[in-house]
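Throughout, numbering of the chain's residues begins at 1 and tracks the sequence. Only a predicted model underlies this, so the values are computations on that prediction, with no experimental measurement involved.
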Amino acid sequence: MFKPDKHHLVIAGKTLSIQGILFLAILFAVWGSQKIYAFIDPVTFPRPYEVTVSEGMSDTDKGAQLIDALTARMRYELGSTFGWSANDILFNKYVLDNRAYRQFGTYVATKMLMDHYSTVIAKLGNNDRENDSLYNARLNCFAISPRRWGILFFPSAEGSYEKGLRLVDQYKRELSEGKAVYNCRTDDIYSAFNLVLGETIFGYALGLLQNSQNLPFYTLDNRIYEAQGVMLVVRDYIKALYDLYPEIATKNNEANMQEALRYLDRIADYNPLYITSAFNSGELVISYMLFARNRLEDIRDSIRI
């Protein structure tokens, strides 16, 4: 029977030490590369968009502030370091996949809320005509697939969304000149909360992470960051509504809003070193979304009382 002597133990110890050092070096290199990248292109977003609220502000000013909050994330992504990665040839969804899928989520939530703003809030009633600028923005510009990169006469997603945002700015000018409508009533705020909490926004984000433990890691991390993109838009829009309409807070909702924002902030800052189906599998993000949704549902329900 082989009996290792002191010499063999030294060799084994040195081998294990070298392997441990190599492992730590690789881990440090991965961590360091993430930190360096974050200086170039932020990957966490601790603060939501802040609307400017003043005492006695007009409905026109509120309308401009609310649509700025709605489009803030889209403007950020289009103007970020690598632009709209979802349709890039170089910085595409395979090279910078986390940011590209965050942009997919940003697009989904922005498109859904823009439809609601244009067809409900920016009209005097069901029979009123929709604003032409917003109509063209949501149907002709934001309706294009986020992956489209354009050729010849076909616009790219990035160019189309930038054009849509210019039309939003045109609506704001029309609003200030009295040529456009902003008519956000209590029923409209309630329906906005319903939209956010329903199947097309919160339901969409939660559905992305369904059966997350059965997904391969390269699919799972993309879905987590897509859900994050959805929640970033939700956070900006809901906070703007709450700040612009203090009557919501009179329903004893301050604690609910603080808690909802706390969980949404955690999603906005979610960026683990690595994601697998067994560790950082998305269940934590799901719990944050469910907690935030429960708080927002309480706020929505109180609006009707």
Could you check whether the rings of Tyr161 and Tyr107 sit parallel, tilted or perpendicular, using 30° and 60° as the cut-offs?
parallel
Please identify each residue that fulfils side chain to side chain donor-acceptor pair (under 3.5 Å) with [X], with sequence neighbours left out.
X      : value
Tyr288 : none
Asn140 : Asn136
Tyr171 : Tyr117
Glu226 : Tyr204

Nearest atoms (heavy-atom pairs only) where [X] meets [Y]:
X      : Y      : answer
Cys141 : Leu167 : SG-CD1, 3.9 Å
Arg235 : Leu261 : CG-CD2, 4.0 Å
Arg293 : Leu206 : NH1-CD1, 3.5 Å

Measure the OG1-OH distance between Thr106 and Tyr225 for me, rounded to the nearest 0.5 Å.
13.5 Å
Identify, with sequence neighbours excluded, every residue that meets ring pair (Phe, Tyr, Trp, His ring centres under 6.0 Å) alongside Tyr135.
none
Quick one: ring pair (Phe, Tyr, Trp, His ring centres under 6.0 Å) partners of Tyr49, sequence neighbours excluded?
none
Glu247: partners by salt bridge (charged side-chain N to carboxylate O under 4.0 Å, His left out), with sequence neighbours left out
none
Kindly write out the residues that satisfy salt bridge (charged side-chain N to carboxylate O under 4.0 Å, His left out) with Glu50, not counting sequence neighbours, or none if the list is empty.
Lys239
Considering only residues two or more places apart or on different chains, which pairs with a residue in residues 231-267 satisfy ring pair (Phe, Tyr, Trp, His ring centres under 6.0 Å)?
Tyr263-Phe291
Using a side-chain heavy atom cutoff under 4.5 Å and only I, L, V, M, F, W and Y, what cluster partners does Val181 have?
Leu124
Please tabulate, one pair per line, all N/O donor-acceptor pairs under 3.5 Å involving side-chain atoms of residues 191-202, not counting sequence neighbours.
from	atom 1	to	atom 2	distance (Å)
Ser191	OG	His116	NE2	2.9
Ser191	OG	Asp187	O	3.4
Ser191	OG	Asp188	O	2.9
Asn194	OD1	Arg300	NH1	3.0

Please list all pairs passing the salt bridge (charged side-chain N to carboxylate O under 4.0 Å, His left out) test where one or both residues lie in residues 111-128, with sequence neighbours left out.
Lys111-Asp115, Asp115-Arg138
Please identify which of these residues, Arg102, Arg99, Glu158, meets the side-chain hydrogen bond (donor to acceptor under 3.5 Å, both in side chains) condition with Ser85.
Arg99
